[in-house]
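First up is the structure itself, then whatever we jot down about it.
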Amino acid sequence: MLTATEKQRIYLSPPHMSGHEMKYIQEAFDTNWVAPLGPNVDAFEKEIAHYVGANDAVAVSSGTAAIHLALSLLNVNKGDTVFCSSLTFVASANPIIYQGAVPVFIDSEPDTWNMSPVGLEKALKDAASTGKLPKAVIVVNLYGQSAKMDEILRLCEEYDIPVIEDAAESLGSTYKGKPSGAFGKFGIFSFNGNKIITTSGGGILVSNDKELLKKARFLATQARDAAPHYQHSTTGFNYRMSNILAGIGRAQLQVLEDRVAARKRIFSVYFQELNHLPGVSFMPELEDTKSNRWLTALTINEEMAGVSAQTLINELTNQNIEARPVWKPLHLQPLFESTKYYPHYEEESISERLFEDGICLPSGSNMTNEQQMRIINAVENHFKARV
Ligand SMILES: *Cc1c(COP(=O)(O)O)cnc(C)c1O
């Protein structure tokens, strides 16, 4: 028989409110700023830009919208090519399709699980030899860990290709002391309910290029020309963040450092308790980087462990614990069938192995010690019960 607490579902990464959100929402109601845009939006943009060390930011309705705007600002159009990490959520690449462009997927490398500079270099060389370089490269920072930015930026500079840093999962992380999201021509963050801080739904585009972000604001509000009547010369979007949700974001941003600390603590407890299990390897943290450990991810070598990521996920699911496989690489998705893909090694695809062997454990910053011990016990018991 399960006890009441044992039955209670443990989620992978649920929202974690600070208690100060209502103050900003109330203010918006009191002043009747119940609309897209308003003082919370302006303040939230300034606060995020300041936190990341970027010149400006544009708050939008989702991280996906932010990526779409970035591609649009870089004039990615029908028939153009865009390179993108393969091991990521589909939202990284969907905006490439919105623009009628063609994605090319790049494998991960083992040190960060992120875009392989080796795969990227090969893809760039091939593209240069056919005279069709990509219009942009979308680099993802998986589960909070920054990609090898120095190597990737050097290659992209060599070929003069702008980088969009998909930092949806890595707000609060740093790479060589510099905040995640501040590396490319554009950085994007997501404030979806499962991210390290949330506005329930939302995203933001950051950049040092104020002129382009001015254009982002224009495009995100239906591209209205300066005229007393409604006049439009280009196709815009309705992508701006509402003043209510920006209020939630302001309160959340105040506790970001606490949230990062909590997720890192959760990671270290998992590491301490589970790293000795046969075949278990935790997602590494690259030297001179700080991962926010948005999700604790690890791989299980089935031969050594006698259990697999899949059997463990099934067992945790049976115990009402939400664990997930690592993202299914986009080059394996039916949606992107026959899309070009550049693996890290000729003979071995790293992202495919991570998908086979990888598991994400519940990592919410509001998870209790008891809940985490329940998960750890379930994992240990599954290993003990192996045949
Ligand atoms: C969550 C996420 C997004 C998309 O963000 P939304 O706000 O949900 O649109 C993009 N990329 C990655 C890597 C994500 O995890």
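Just so it is clear, the model here is predicted, and its values are computed rather than measured. All ligand and atom numbering here is 1-based and tracks the order in the structure. Values below: every heavy atom of this structure, side chains too, minus hydrogens, waters and symmetry copies. Residue numbers start at 1 and run along the sequence shown.
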* Give the residue and atom name of whichever protein heavy atom lies nearest to atom 11 (N) of ligand 1, and the separation in Å to one decimal. => Asp166 OD2, 2.8 Å
* Spell out, as yes or no, whether a donor-acceptor pair under 3.5 Å connects the side chain of Asp357 to the backbone of Thr299. => no
* Tell me, please: is Gly202 in heavy-atom contact with ligand 1, that is, under 4.0 Å? => yes
* Structure fact -> If we number the atoms of ligand 1 from 1 as shown, the ones under 4.0 Å from a heavy atom of Ser92 are 11 (N), 13 (C)
* Hey, does Glu169 come in under 3.5 Å of ligand 1, counting only N/O atoms on both sides? -> yes
* Report yes or no: does Thr198 contribute a side-chain atom to a donor-acceptor pair with the main-chain N or O of Phe191 at less than 3.5 Å? => yes
* Asked: For Gly203, is the nearest heavy atom under 4.0 Å from an atom of ligand 1?
  -> no
* **Steps toward ring pair (Phe, Tyr, Trp, His ring centres under 6.0 Å) verdict (Tyr341, Phe105)** => CA-CA 5 Å; Tyr341 171 65; Phe105 294 114; 7.9 Å; no
* **Given Glu109, Glu121, Glu287, the one that forms salt bridge (charged side-chain N to carboxylate O under 4.0 Å, His left out) with Lys148** => Glu109
* Is Gln222 reaching over with its side chain to a backbone N or O of Leu219, donor-acceptor style, under 3.5 angstrom? -> no
* To do: Evaluate whether atom CE of Met22 has more than 12 neighbouring non-hydrogen atoms of other residues, nucleotides or ligands under 6.0 angstrom away.
  => no
* **N or O pair under 3.5 Å between Ala91 and ligand 1** => no
* Asked: Between the side chains of His16 and Arg259, is a donor N or O closer than 3.5 angstrom to an acceptor N or O?
  -> yes
* To do: Report the part of Thr88 (side chain from C-beta onward, or backbone N, CA, C, O) that has a heavy atom under 4.0 Å from ligand 1; answer both or neither where that applies.
  => side chain
* Which of the numbered atoms in ligand 1 are below 4.0 angstrom from a heavy atom of Ser190? -> 1 (C), 5 (O), 6 (P), 7 (O), 8 (O)
* Asked: For ligand 1, which part of Ala168 has a heavy atom less than 4.0 Å away: the side chain, the backbone, both, or neither?
  -> side chain
* Structure fact -> of all protein heavy atoms, closest to atom 9 (O) of ligand 1 is Thr64 OG1, 2.5 Å
* For atom 1 (C) of ligand 1, the protein heavy atom that lies nearest, with its residue and separation -> Lys195 NZ, 1.5 Å
* To do: Give the numbers and elements of all ligand 1 atoms closer than 4.0 Å to a heavy atom of Gly63.
  => 5 (O), 6 (P), 7 (O), 9 (O)
* Asked: Mind checking whether Tyr342 and Phe83 have parallel, tilted or perpendicular rings, split at 30° and 60°?
  -> tilted
